[in-house]
Trainee: 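Okay, here's the structure, questions in a sec.
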2 protein chains.
Amino acid sequence: MKSYGQFCPLALASEIIGERWTPLVLRELMFGAARFNAIQRGVPRMSPTLLAQRLRMLQAAGIIERRRGEHSATEYGLTPAGAELAPVIEGLAVWGKSWLPASLSATEADPDLIMWDLHRRLDLDRMPPGRTVIRFGFSDQPPPKRYRWIVRAAEGVQLCISDPGFEVDLFVETDSRTITWVWYGDISLKKALAEGAITLDGPRRLRATFPSWLLLSPLAAVPRNLPPTAR
Amino acid sequence: MKSYGQFCPLALASEIIGERWTPLVLRELMFGAARFNAIQRGVPRMSPTLLAQRLRMLQAAGIIERRRGEHSATEYGLTPAGAELAPVIEGLAVWGKSWLPASLSATEADPDLIMWDLHRRLDLDRMPPGRTVIRFGFSDQPPPKRYRWIVRAAEGVQLCISDPGFEVDLFVETDSRTITWVWYGDISLKKALAEGAITLDGPRRLRATFPSWLLLSPLAAVPRNLPPTAR
DNA sequence: CGGTATCCCCCGCGATACTG
DNA sequence: CAGTATCGCGGGGGATACCG
């Protein structure tokens, strides 16, 4: 991005934060994504070339750092400067939820976006111990995105794009718009279940505790000043 | 700007705030600039076409509103949504001051940028009553920008690009880099005066009270985590 | 004063393919 | 897994002139 030619700290900051995709990349890092491919799953429409470019830029600006993680894999993490940016990004997100009209178009209702966020926010302590496999079905989606699996095991939680082969413990059936509205707090999970917009199939205990370990977006509690439209 | 295709409130907010020049335009509005030309003086390198376009966009997004002011002049102001954006913008500015390297190139040391900010932050109550004319001289600037005048009168404060004709009460002689560093708090005004980087010529009383009514940037008090370079 | 109209350039970005 | 390489285009925005 071309410089503003101003010494003003806001101008300098905007040259970095104002670049396309950068706030969303930072969001992924702030949610704990460390690996290139993990970051990319949060911004799937960003080309790898551009993501690499942004990561280099953020590193040069002292906002993130590259590390060698386990198995000498490349990992990215926030520097102290980057960490102090988190409240600003969060403030922007809260403002967006408060004040921007929320209409949900088809492309914005990509269930993978929600599933990616959702699977790393599960409250593992409230889930049953041992391996748990949950299959999410999205009735409005064509075959390639029709089903997603969350596998919770001792190693951690994984989101699978294709059938992992394990026996499914809980079947969740919904559609991409419902899961999106629920995730962002525009419909309560309770209401979605009551209305049948989300249905559960599996052991009674798992069904009953479902709302306790399926955590919603951190923004779910932020009220909207404009009512959501286009449900 | 092309949509991110995400429903995430951060993505939606970034589509607006992330557009080129938009944060700086908002900054002007937050500092109280209401008229088109007043806004433009804070972002002089932005073309009028683009400014008009951004103002329209911000209005459509519900962030600013157009009003008819005195003499049916067009005025812009923040809506409640816009007002709630102020802390976010301010947070970004504070972060920039804290963490971004501050090197001052020639184009960034435009004294007009500082004078425009500075003239609307004068503490009028601490200035002598009645008309006061101050001429700022920038020793490093070629003729068209060599001098600027601030005229404080009953009607308010005005920044003049050419000699307004009144007798000058106080002559301030400095250079564009010094005034910029001082404005942003990287050199104390006291030190700049002591070192002769700023010299005053005028009545003793006006000289003595100068540091009390020449207020600095709101960011002046924010410490830098990286030391400023290229003084 | 408060903007439009117009033109054109350039480069940011998207898409796709490929590699150590 | 973690990125490069390459190409082509679209349109954002810079510059300048002009208008009500």
Side-chain angles (χ1 to χ4, degrees), chain A residues 1-6 11 14-25 28-29 33-60 64-77 107 110 116 158-161, chain B residues 1-6 11 14-25 28-29 33-60 64-77 107 110 116 158-161:
Chain A
M1 182 183 282
K2 206 180 153 190
S3 161
Y4 287 120
Q6 294 195 190
S14 297
E15 286 175 16
I16 294 175
I17 307 307
E19 285 212 301
R20 186 161 168 78
W21 291 110
T22 301
L24 302 190
V25 170
E28 292 307 305
L29 288 158
R35 313 276 282 266
F36 189 92
N37 289 305
I39 298 167
Q40 211 180 12
R41 293 193 71 166
V43 282
R45 302 165 68 106
M46 186 182 189
S47 82
T49 308
L50 195 51
L51 175 55
Q53 193 177 308
R54 287 290 182 276
L55 289 171
R56 248 179 279 124
M57 184 272 286
L58 287 170
Q59 188 187 8
I64 67 174
E65 56 185 2
R66 290 179 61 140
R67 288 186 301 254
R68 288 281 152 191
E70 295 176 32
H71 315 300
S72 77
T74 309
E75 293 188 349
Y76 297 90
T107 68
D110 183 346
W116 180 248
Q158 262 206 306
L159 175 63
C160 301
I161 286 184
Chain B
M1 182 183 282
K2 206 182 153 189
S3 161
Y4 286 120
Q6 295 195 190
S14 297
E15 285 174 17
I16 294 174
I17 307 306
E19 286 211 302
R20 188 162 166 77
W21 291 111
T22 300
L24 302 189
V25 171
E28 291 308 305
L29 288 158
R35 313 276 281 263
F36 189 91
N37 290 303
I39 297 167
Q40 209 179 15
R41 294 194 70 165
V43 282
R45 302 165 67 109
M46 186 182 189
S47 82
T49 308
L50 195 51
L51 175 55
Q53 192 177 308
R54 286 291 181 275
L55 290 171
R56 249 180 279 124
M57 184 271 288
L58 287 169
Q59 188 186 8
I64 67 174
E65 56 184 4
R66 291 180 61 141
R67 290 186 299 255
R68 289 280 152 193
E70 295 176 32
H71 316 300
S72 77
T74 309
E75 292 189 352
Y76 296 91
T107 65
D110 184 345
W116 180 249
Q158 262 208 305
L159 174 63
C160 302
I161 287 185

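Numbered from 1 within each chain, the chains take letters A, B, ... in sequence-line order.
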Trainee: Starting the side chain at C-beta, find the nucleotide from dG14(C), dG3(C), dG3(D) nearest to Thr74(A).
Mentor: dG3(D)
Trainee: Categorize Arg35(B) for me: base, sugar-phosphate, or nothing, with a 4.0 angstrom heavy-atom threshold over every strand shown.
Mentor: sugar-phosphate
Trainee: Between dG14(C), dG3(C), dT16(C), spot the one nearest the side chain of Thr49(A), thanks.
Mentor: dT16(C)
Trainee: Quick one: on DNA chain C, does Met46(A) or Gln40(B) contact a more 5' nucleotide (nearest heavy atom)?
Mentor: Gln40(B)
Trainee: Could you check which of dG14(D), dT4(D), dC1(D) has an atom nearest any side-chain atom of Asn37(A)?
Mentor: dC1(D)
Trainee: Kindly indicate whether the side chain of Thr74(B), heavy atoms from C-beta on, has any atom under 4.5 Å from the side chain of Phe36(B).
Mentor: no
Trainee: Can you check whether Gln6(A)'s main-chain N or O pairs, donor with acceptor, with Arg45(B)'s side chain at less than 3.5 Å?
Mentor: no
Trainee: From the set dG14(D), dG2(C), dA2(D), return the single nucleotide nearest to any side-chain atom of Lys2(A).
Mentor: dG14(D)
Trainee: Met57(B) CE to dG11(D) P: how many Å, rounded?
Mentor: 17 Å
Trainee: Starting from the 5' end of DNA chain D, give me the residue, Arg54(B) or Pro48(B), whose nearest nucleotide shows up first.
Mentor: Arg54(B)
Trainee: What's the closest nucleotide to the side chain of Arg66(A) if the choices are dC1(C), dG3(D), dC13(C)?
Mentor: dG3(D)
Trainee: Which nucleotide sits closest to the side chain of Leu50(B): dA15(C), dG14(D), dT4(C)?
Mentor: dG14(D)
Trainee: On the nucleotide dG2(C), are OP1 or OP2 found under 4.0 Å from the side-chain N or O atoms that Arg41(B) carries?
Mentor: no
Trainee: Can any side-chain N or O of Arg20(A) pair as donor or acceptor with the backbone N or O of Tyr4(B) at less than 3.5 Å?
Mentor: no
